[in-house]
Amino acid sequence: MAEKETCASASSCSRGSCEGCPSAEAAKKGVRNTAFLEEQNKNSNIKHVIGVVSGKGGVGKSLVTSSLAGVMARAGYSVGILDADITGPSIPKMFGVHGPAMANDDGTFPEVAEDGTKIMSINLMLEDEEAPVIWRGPVIAGVVKQFWTDTQWGDVDYLFVDMPPGTGDVPLTCFQSLPVDGIVIVTSPQELVQMIVKKAYNMADMMHIPVLGLVENYSYIACPDCGKKIEIFGESHIDEVAASLNIPVLGKMPMDRAFATAADAGRIFDMPNNYLVKAQDVLEKL
């Protein structure tokens, strides 16, 4: 039996050989493998799919996801958020939406926040929002695909996919099954930033998914009295990392109690985010 080659699907592949495998053939050609792409629901018309990823947890990825959606919504675009963080969903709470999501024979309808953002999340499917989701990886990945195929998204200019941290089953499923136009990597200003950013970057590169840029969260705290920037997590290295990877820094977001207050109140959409102006420019050029 021929020795297996290394490709983006190697960790979950049960083949004895890469011969005839579409993923391996695409990797050889240096192009994205589209063999596993799922069709969107017949009542969906999604123009751009943007993945929001991180190499580790605790960097505020959901806050960045909601902020990116808010920036584009304020610019007049129709936006949606597919909450792919199945075991730690926070998007519905941040936008003040609750289930159960309604459905008909054509699929499930996303819940719509006050600002018009369309949202699909596992918390909108559960009877008890606080019930834990204790599922294995393949089941979770299957649910994420259903959020794409079975949700009637309608017309959406930008669908943001809030992924769980790391490079496991869900990011792999999203990269293979959804027509992701590009990803935004979220990080924080710590010494280990270079390692975790490069893990996410290298996964996207292996699967030939464009990296649109980096967003640094928790970049600093502004003193309420004098306005001085206090770098709680130490000196930022994001610019050096971005330069080494030849990708842009899309924004540096400070730690701001107002964001936390708005999220807890279910009104994250009330918070304008002037730190992500460059991100808007990059997204509009897709």
Side-chain angles (χ1 to χ4, degrees), residues 47-54 58-83 85 89-98 110-121 155-163 181-189 212-233 236 238-239 242 248-286:
K47 295 179 181 177
H48 299 292
V49 179
I50 310 299
V52 184
V53 307
S54 64
V59 297
K61 179 172 44 55
S62 294
L63 174 61
V64 173
T65 301
S66 61
S67 295
L68 288 169
V71 165
M72 300 312 289
R74 281 187 172 81
Y77 297 99
S78 172
V79 301
I81 299 177
L82 191 162
D83 189 357
D85 195 351
S90 55
I91 294 296
K93 168 68 175 177
M94 297 171 75
F95 281 84
V97 298
H98 304 276
E111 291 295 319
V112 182
E114 187 176 310
D115 72 330
T117 300
K118 299 177 181 179
I119 296 168
M120 178 49 65
S121 170
D155 291 323
V156 172
D157 294 316
Y158 294 92
L159 180 68
F160 295 93
V161 183
D162 185 18
M163 297 191 199
D181 292 286
I183 66 166
V184 173
I185 300 176
V186 183
T187 186
S188 57
L212 303 178
L214 307 178
V215 172
E216 183 178 77
N217 196 25
Y218 309 141
S219 189
Y220 59 89
I221 289 178
C223 174
D225 296 322
C226 67
K228 179 182 178 181
K229 293 182 179 180
I230 304 170
E231 297 174 324
I232 297 294
F233 292 106
S236 173
I238 195 71
D239 292 312
V249 175
L250 301 179
K252 297 180 181 180
M253 293 175 54
M255 298 179 70
D256 188 334
R257 182 191 296 178
F259 282 105
T261 301
D264 288 343
R267 301 192 63 84
I268 192 63
F269 46 82
D270 283 341
M271 287 298 298
N273 195 320
N274 298 322
Y275 308 105
L276 297 176
V277 174
K278 191 170 182 179
Q280 178 184 337
D281 183 57
V282 168
L283 292 173
E284 288 182 329
K285 291 178 179 177
L286 290 176

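Along the sequence shown, the residues carry numbers beginning at 1.
Under the 4.5 Å side-chain criterion, counting only non-hydrogen atoms from C-beta, I50 is in contact with L286. Side-chain contact between L82 and V49: absent, with no pair of heavy atoms (C-beta onward) separated by less than 4.5 Å. Within the 4.5 Å cutoff, the side chain of H48 has no heavy atoms near those of the L283 side chain. Here the side chains of I183 and I185 are in contact, with some heavy-atom distance below 4.5 Å. Side-chain contact between V52 and L68 is present, with at least one heavy-atom pair separated by less than 4.5 Å. Residues L214 and K252 fail the side-chain proximity criterion, which asks for heavy atoms closer than 4.5 Å. By the 4.5 Å heavy-atom criterion applied to side chains, I221 and P254 are not counted as neighbours. Side-chain contact between S67 and M271 is absent, with no heavy-atom pair separated by less than 4.5 Å.
Side chain of T117 to backbone of A113: no donor-acceptor contact under 3.5 angstrom is found. For the pair S78 (side chain) and D155 (backbone), a donor-acceptor distance under 3.5 Å is present. Side-chain atoms of N217 do not come within 3.5 Å of backbone N or O of S188 as any donor-acceptor pair. No donor-acceptor pair under 3.5 Å is formed between the side chain of K118 and the backbone N or O of V79.
Every side chain to side chain contact (heavy atoms under 4.5 Å, CB included) that V282 has, sequence neighbours left out, goes to L212, L250. Annotation: side chain to side chain donor-acceptor pair (under 3.5 Å) contacts of D157 (sequence neighbours excluded): K47. Here F95 pairs with nothing under the ring-ring contact (aromatic ring centres under 6.0 Å, His included) rule; sequence neighbours left out. In terms of the side chain to side chain donor-acceptor pair (under 3.5 Å) criterion, D256 has no residue partners (sequence neighbours excluded). In terms of the side chain to side chain contact (heavy atoms under 4.5 Å, CB included) criterion, residue partners of V71 (sequence neighbours excluded) are, by chain and number, N273, L276, Q280. Annotation: side chain to side chain contact (heavy atoms under 4.5 Å, CB included) contacts of T187 (sequence neighbours excluded): V193, I196, V197, I238. For S66, there are no side chain to side chain donor-acceptor pair (under 3.5 Å) partners, not counting sequence neighbours. For D83, there are no salt bridge (charged side-chain N to carboxylate O under 4.0 Å, His left out) partners, not counting sequence neighbours. By the side chain to side chain donor-acceptor pair (under 3.5 Å) test, S219 pairs with E216, sequence neighbours left out.
To the nearest 0.5 angstrom, I119 atom CD1 is 9.5 Å from M94 atom CE. With rounding to the nearest 0.5 Å, the separation of CZ in F259 from CG in D264 is 13.5 Å.
Pairs engaging residues 270-286 under the salt bridge (charged side-chain N to carboxylate O under 4.0 Å, His left out) rule: R267-D270, D281-K285 [sequence neighbours left out]. Annotation: ring-ring contact (aromatic ring centres under 6.0 Å, His included) contacts involving residues 260-284, sequence neighbours excluded, are absent. The side chain to side chain donor-acceptor pair (under 3.5 Å) analysis of residues 220-232, with sequence neighbours excluded, yields no pairs.
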Exercise. Going through the distances and angles, do D85 and S90 end up as a side-chain contact (heavy atoms from CB on, under 4.5 Å)?
Worked result: CA-CA 8 Å; D85 195 351; S90 55; 6.0 Å; no
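Smallest separation of non-hydrogen atoms from I230 and C223: CD1-CB, 4.4 Å.
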